[in-house]
Amino acid sequence: MELIITEKDNAARRIADILSGESASSTRRNGVNVYRWGGKRVIGLSGHVVGVDFPEEYSDWRDVEPVELIDAEVEKTPTQESIVAALRSLARDADRVTIATDYDREGELIGKEAYELVRDVNEDAPIDRVRFSSITEREVQNAFDNREELDFDLAAAGEARQTIDLIWGAALTRFLSLSARQLGDDFISVGRVQTPTLRLLVDREREIQAFEPDDYWELYADLEKDDDDFEAQYFYRDEDGNEAERVWDEDLADAVYEALAATDARTTVERVNRRTRTDSPPEPFSTTQFIRAAGTLGYSAQRGMSVAEDLYTAGYITYPRTDNTVYPDDLDPEELLDEFVGHYTFGDDAESLLEIEDIEPTEGDEETTDHPPIHPTGEIPKKSELSDDEWEIYELVVRRFFATVAEPAVWEHLKVVAELDGAVSIDLPEETDDVTLKANGKRLVEAGYHDVYPYFNTSENYVPDVEEGEQLAIAEARQEDKETQPPRRYGQSRLIETMEKLGIGTKSTRHNTIEKLYDRGYVEGDPPRPTKLAMAVVEAAEEYADRVVSEDMTSELERDMTAIAEGEATLDDVTEESREMLGRVFEELVESREEIGDHLQKSLKADKTLGPCPESDHDLLVRRARGGSAFVGCDGYPECEYTLPLPSTGKPLILDETCDEHDLRHVKMLAGRQTFVHGCPQCKADEAGEGPILGECPDCGDEHDGELAIKQLRNGSRLVGCTRYPDCDYSLPLPRRGEIEVTDEHCEEHGLPELIVHNGDEPWELGCPICNYREYQARESDSGSDLEALDGIGAKTAEKLADAGIESIDDLESAEPDAVAGRVDGVSEDRIRKWQAKA
DNA sequence: GCAAGGTC
């Protein structure tokens with residue numbers, strides 16, 4: 001039996017299909033897919049199935065001095081037990097083994113891990129390696145006809161990286177966490193990739209903080225041509241002879257403005273320049289460029305990749321983790337375009353592209369052996385099979401492929417330079433005696449690839465045809481006061497592009513690294529903004545472990561890995577040298593342990609500080625109750641017990657903005673799509689108490705004495721809500737407009753006063769707010785059950801639920817999952833719990 | 001509970 005091992009299940013299935021001529025059948029062994037036909041078996045791993053770690057006796061952070069990790073042994077242990085077991089049992093019966101992992105360094109290492117697992121149970125079977133850069137019939141057949149050997153040197157290069165990353169990362173992470181007494185979930189981590197990435201953000205933040213704006217002015221004039229006018233901007237030549245628009249001298253700006261604004265101001269056209277510019281179509285999608293494009297559609301790096309992975313797993317697009325920007329020879333663009341002909345969304349574009357005579361796809365600079373650039377596979381999903389996000393990303397990938405085989409666009413640029421007539425009595429900048437204006441027009445003459453790829457800005461700027469010597473009056477002049485702006489924060493996709501340029505991280509990990517910075521409390525918001533803790537970690541690293549905060553550590557490691565791969569150095573040479581270096585770092589580090597710990601702790605506290613406590617000399621902090629919910633408490637606790645509530649949904653983020661009245665920073669609650677700005681917690685608490693009390697809260701009145709009151713929210717809407725908010729979020733809606741009168745009449749059923757809304761001529765007797773809301777809900781449910789608003793409940797399911805007596809979200813929330821599951825076919829307890837969580 | 005790299 002021949003055993004073929006791939007890096008992932010998906011590749012295993014496709015290779016089995018190709019080699020068997022689609023006759024392979026899928027079976028499961030130990031819960032792992034195995035594809036079989038004749039005497040062949042194919043199994044897919046899940047990337048690395050073994051991992052490196054220190055022996056058990058090093059696992060207690062408090063027991064082990066971090067410095068001891070430097071010379072600790074590093075072991076490899078299975079991390080994917082079931083896959084390892086399945087692999088071993090297949091390997092026992094194999095008389096030939098073929099390693100078909102990805103064609104890159106990490107793939108070679110994963111292959112070597114498989115090799116060793118096989119050798120543990122089978123000493124004799126020959127083990128070959130096949131290499132292919134895309135899973136197409138030709139490439140795969142060719143690879144199996146030209147079997148090669150596993151490259152142990154290349155795998156060793158990968159092992160050097162594993163060892164060095166573990167030792168540096170673990171030793172420094174434990175050192176910082178212990179020195180700041182941050183154990184448990186909130187440890188302080190550093191690493192070869194995350195820390196230089198964080199430094200990029202911190203450096204930018206430092207620039208922003210140090211930035212001092214300068215004033216400047218810009219001057220515009222609308223020039224009249226026939227019945228139209230068009231905007232032209234004042235410019236001059238600076239010392240270097242370059243065109244400059246920013247005027248730094250206010251007196252000069254005023255003088256130019258006056259000259260332009262004079263009632264008789266006229267200009268003469270000095271120059272008219274027309275040129276056409278070719279606008280080449282974009283390159284094929286690498287992971288980084290894909291993330292950037294998805295970013296412009298509003299997807300975070302993580303989300304964009306996650307959607308792409310789903311589309312890949314479903315078979316609609318190729319593997320989304322690739323550095324490659326050159327399509328392989330195997331890809332026949334015409335053939336792929338043909339697949340889209342007749343499609344209701346893409347058909348017309350595909351047909352028009354097929355009319356191009358010689359289709360020559362664009363190419364980027366990066367050509368790699370691992371995977372092709374991301375492109376559609378030709379298996380086209382129905383729109384209804386995909387979620388909105390999936391469809392949007394799928395369309396992006398299809399259209400990007402279209403763009404890479406489309407024709408260039410052509411722009412016509414029209415530049416008009418005009419000069420103010422008559423003598424000007426202004427002290428103008430050097431090398432000019434004139435007030436000169438320019439207008440830059442552009443027009444898309446041939447849309448080219450923009451027709452099939454509508455994601456780029458193609459807005460035109462209209463400038464009419466004018467001739468040299470023509471006189472144009474000034475319709476209006478404008479002087480704009482401006483300020484230079486601080487550099488902008490990195491957005492997620494810019495950050496990923498910069499990481500790629502600096503060579504840190506990989507196509508598969510860069511987006512995860514950014515996510516990790518969020519999880520660790522190093523950055524907040526989007527674009528990511530570093531916290532005080534992040535500043536302190538970077539400062540500590542810069543001072544004591546400069547290597548781990550610089551991208552040079554990666555580039556030097558890359559150099560060493562190349563040396564190992566080429567047989568010029570050994571794994572031991574490289575790791576030993578790295579250990580010595582880390583040893584020297586620790587010599588200085590341990591001397592300053594307390595100082596470093598102090599600084600980190602202060603920064604951690606600063607990240608949680610809102611401002612002064614009204615009842616003591618301490619600060620108010622965001623704290624976490626035992627149950628995990630956040631609230632505001634005093635740093636002077638237990639002497640001062642002052643607290644303020646925070647909403648129960650989401651994770652609090654402290655903003656820079658401060659409340660004028662209480663000097664407290666505003667709070668934003670991060671809760672995915674339901675993220676909202678809570679504002680100053682003191683103001684919110686004050687507001688919550690406002691308004692007349694109507695009666696007992698039906699949800700928590702018995703247990704906690706909650707009461708219902710009329711509340712006005714910051715956004716202007718009003719409601720009847722519990723005074724114990726946010727601990728109790730019972731609420732009833734109220735109309736936005738009109739004055740609300742609380743009458744002496746009380747509802748018999750609920751004991752609440754009847755309300756009257758005065759808005760316009762006719763007062764509206766709203767009545768008891770609970771009864772009013774019930775009626776409103778009844779009207780809503782007449783027009784269709786609100787259950788369908790929940791993700792995962794379609795019309796059919798809603799009908800089935802209604803048959804079982806569950807007609808609304810309220811019903812669902814109060815239902816017992818096991819009872820419902822018993823009454824409704826095909827609906828499990830689990831699903832009901834999920835809906836209840838969503839409701 | 002540490003890293004970074006695979007993959008889901």
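So you know, we letter chains A, B, ... as the sequences are listed, proteins then strands, and number each from 1.
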Practice item. State whether the side chain of Glu7(A) and the backbone N or O of Asp102(A) hold a donor-acceptor pair below 3.5 Å, judged by distance alone. Key: yes
For the pair Glu75(A) (side chain) and Asp53(A) (backbone), establish whether a donor and an acceptor sit closer than 3.5 Å, ignoring hydrogens and angles. no
Heavy atoms only, 4.0 Å cut-off, all strands: where does Leu172(A) land among base, sugar-phosphate and nothing?
nothing
Contact class for Ser59(A) vs. all strands (heavy atom < 4.0 Å): base, sugar-phosphate, or nothing? base
If the threshold is 4.0 Å, N to carboxylate O, is there a salt bridge linking Asp370(A) and Arg321(A)?
no
side-chain contact (heavy atoms from CB on, under 4.5 Å) filter on Lys112(A), not counting sequence neighbours, yields Glu116(A), Leu150(A), Phe152(A), Ala155(A), Glu159(A)
Quick tally for nucleotides 3-8 of chain B: nucleotides whose base has a protein heavy atom under 4.0 Å get B, sugar-phosphate-only ones S, the rest -, giving BBBBBB
Salt bridge (charged side-chain N to carboxylate O under 4.0 Å, His left out) filter on Lys605(A), not counting sequence neighbours, yields Asp635(A)
